[in-house]
Protein chains: 2
Amino acid sequence: MPHEPQNAPPGTLDMMILSLLAEESLHGYLIARRIEERSGGVLGIEEGSLYPALQRLRKRKAVTDEWSTQDSGREVRVYSITRVGRAELVATATRWRLVNAAIEKIIQDIKGGRRVKLA
Amino acid sequence: MPHEPQNAPPGTLDMMILSLLAEESLHGYLIARRIEERSGGVLGIEEGSLYPALQRLRKRKAVTDEWSTQDSGREVRVYSITRVGRAELVATATRWRLVNAAIEKIIQDIKGGRRVKLA
DNA sequence: GCATAGACCTAGTTTATCTATGCAACGGTG
DNA sequence: CACCGTTGCATAGATAAACTAGGTCTATGC
């Protein structure tokens, strides 16, 4: 039985978007789909979170956008990462891993009942 | 050069508190100190975050509290984890790790400049 | 006596997610 | 053609959980 998709923890969405855009330029809707696929269905991004996030990124010049026409003739807004965005990505990913390691130090060794005494 | 203490990512504070209380009962102020110590100074918890978190935990019966007198003669409010709290801890820690692994799948392989093409 | 640290607490702000809604174009099917 | 599900963009308001900034009181050390 698969689990319900989880929200992106606050602060992580911008980082994930930048990471996908570091690989290739994408339009908004596809970004959300990619996050869901890549996470194996664990993460689910709502459009009401996605588009505000893209606006934030644009405002701080971490991404650029360009309207483009698909083969179908349809207009989509394609986002690309900037130099500023790449720097932000490296910084936030580093901080994320640091914080996560710290949290892991605190919650380590959780068993069902009691915990293992360490020293 | 050490870094500034980071905030607890939203949703993680309750989990960390429960994890410390699973080890031993503590009063509020000490919980914050422990989180800072154990994280090697990476995490810093403000009292304005701590006490509301303890209230939440109390309301949902994840912890119990008892006023106790220290050797100094001072009154402190000591918190203990409940059965409900232990169950919550296991559940939230499992979910946290799941989500974190998913995020890691997405942001993996970030280098300074461009990324490694995988397949 | 007075400053510093320990210990508790609350009000209001901020931020980033969500839900809910709206609109429009494309694709396939009866 | 009419319909409907999916794609695609967007905004408004709700919610949650951290924060800042303030306040009170007690023990300890100089």
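These figures come from a predicted structure and were not determined experimentally. Residue numbers start from 1 in every chain, and the chains themselves are labelled A, B, ... in the order their sequence lines are given, proteins ahead of strands.
A/Ser25 is linked by a side-chain hydrogen bond (donor to acceptor under 3.5 Å, both in side chains) to A/Ser80, counting only residues two or more places apart in sequence or in another chain. In terms of the side-chain hydrogen bond (donor to acceptor under 3.5 Å, both in side chains) criterion, residue partners of B/Glu24 (sequence neighbours excluded) are, by chain and number, B/Arg34. When the side-chain hydrogen bond (donor to acceptor under 3.5 Å, both in side chains) test is applied to A/Asp14, the partners found at least two apart in sequence or on another chain are A/Arg56, A/Arg60. The side-chain hydrogen bond (donor to acceptor under 3.5 Å, both in side chains) search around B/Gln55 returns none, not counting sequence neighbours. Evaluation of the salt bridge (Lys or Arg N to Asp or Glu O under 4.0 Å) rule for B/Arg95 yields no partner, not counting sequence neighbours. The salt bridge (Lys or Arg N to Asp or Glu O under 4.0 Å) test applied to B/Glu36 returns B/Arg33, not counting sequence neighbours.
Distances shorter than 4.0 Å separate some side-chain N or O of A/Tyr29 from OP1 or OP2 on D/dT7. Distances shorter than 4.0 Å separate some side-chain N or O of A/Gln70 from OP1 or OP2 on D/dG8. Of the side-chain N and O atoms in A/Arg56, one or more sit less than 4.0 angstrom from OP1 or OP2 of C/dT17.
Under the Watson-Crick and G-U wobble criteria, each requiring two contacts below 3.5 Å, nucleotide D/dC30 is paired to C/dG1.
Across all strands, A/Ala53 comes closer than 4.0 Å to no nucleic acid atom at all (heavy-atom distances).
C/dC23 atom C1' lies 13 Å from atom OH of A/Tyr51, rounded to whole Å. For the pair A/Met15 CE and C/dT15 C1', the computed distance is 16 Å after rounding to whole Å. To the nearest angstrom, P of D/dA17 lies 15 Å from CG of B/Leu50. Straight-line distance from the CG atom of A/Leu54 to the C1' atom of D/dA10: 11 Å, rounded to whole Å. Between the CG atom of B/Leu30 and the C1' atom of C/dA5 there is a distance of 13 Å, rounded to whole Å. In this structure, A/Glu75 places its CD atom 13 Å from P of D/dG8, rounding to the nearest Å. The distance from atom NZ of A/Lys59 to atom P of C/dA16 is 11 Å, rounded to the nearest whole Å. Put simply, CG on B/Asp65 is 14 Å from C1' on C/dC9, counting in whole angstrom units.
For A/Glu23 and A/Arg38, the salt-bridge test passes: some basic side-chain N is under 4.0 Å from an acidic carboxylate O. Using a 4.0 Å cut-off between a side-chain N of Lys or Arg and a carboxylate O of Asp or Glu, B/Glu88 and B/Arg83 do not qualify as a salt bridge.
Comparing B/Gln55 and A/Gln6, the nucleotide of DNA chain C nearest to each residue sits closer to the 5' end for B/Gln55. A residue-by-residue look at A/Leu13 and B/Trp67 shows that B/Trp67 has its nearest nucleotide of DNA chain C further toward the 5' end. Nearer the 5' end of DNA chain D, as judged by each residue's closest nucleotide, is the contact made by A/Val76, out of A/Val76 and B/Gly44.
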Which atoms of nucleotides 27-29 of chain C (N or O only) lie under 3.5 Å from a protein N or O atom, and what are those distances?
none

Under 3.5 Å, which donor-acceptor pairs link side chains of residues 61-69 of chain A to any protein atom two or more places apart or in another chain?
{"from": "A/Asp65", "atom 1": "OD2", "to": "A/Arg77", "atom 2": "NE", "distance (Å)": "2.8"}
{"from": "A/Asp65", "atom 1": "OD2", "to": "A/Arg77", "atom 2": "NH2", "distance (Å)": "3.1"}
{"from": "A/Thr69", "atom 1": "OG1", "to": "A/Glu75", "atom 2": "OE2", "distance (Å)": "2.8"}

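Here the side chains of A/Ile103 and B/Met15 are in contact, with some heavy-atom distance below 4.5 Å.
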message = How would you summarise protein contacts on nucleotides 20-26 of chain D per nucleotide, using B for base, S for sugar-phosphate only and - for none, with heavy-atom distances below 4.0 Å?
response = B-----B

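The side chain of A/His27 approaches D/dC9 more closely than any other nucleotide in the set D/dC9, C/dT10, D/dT11.
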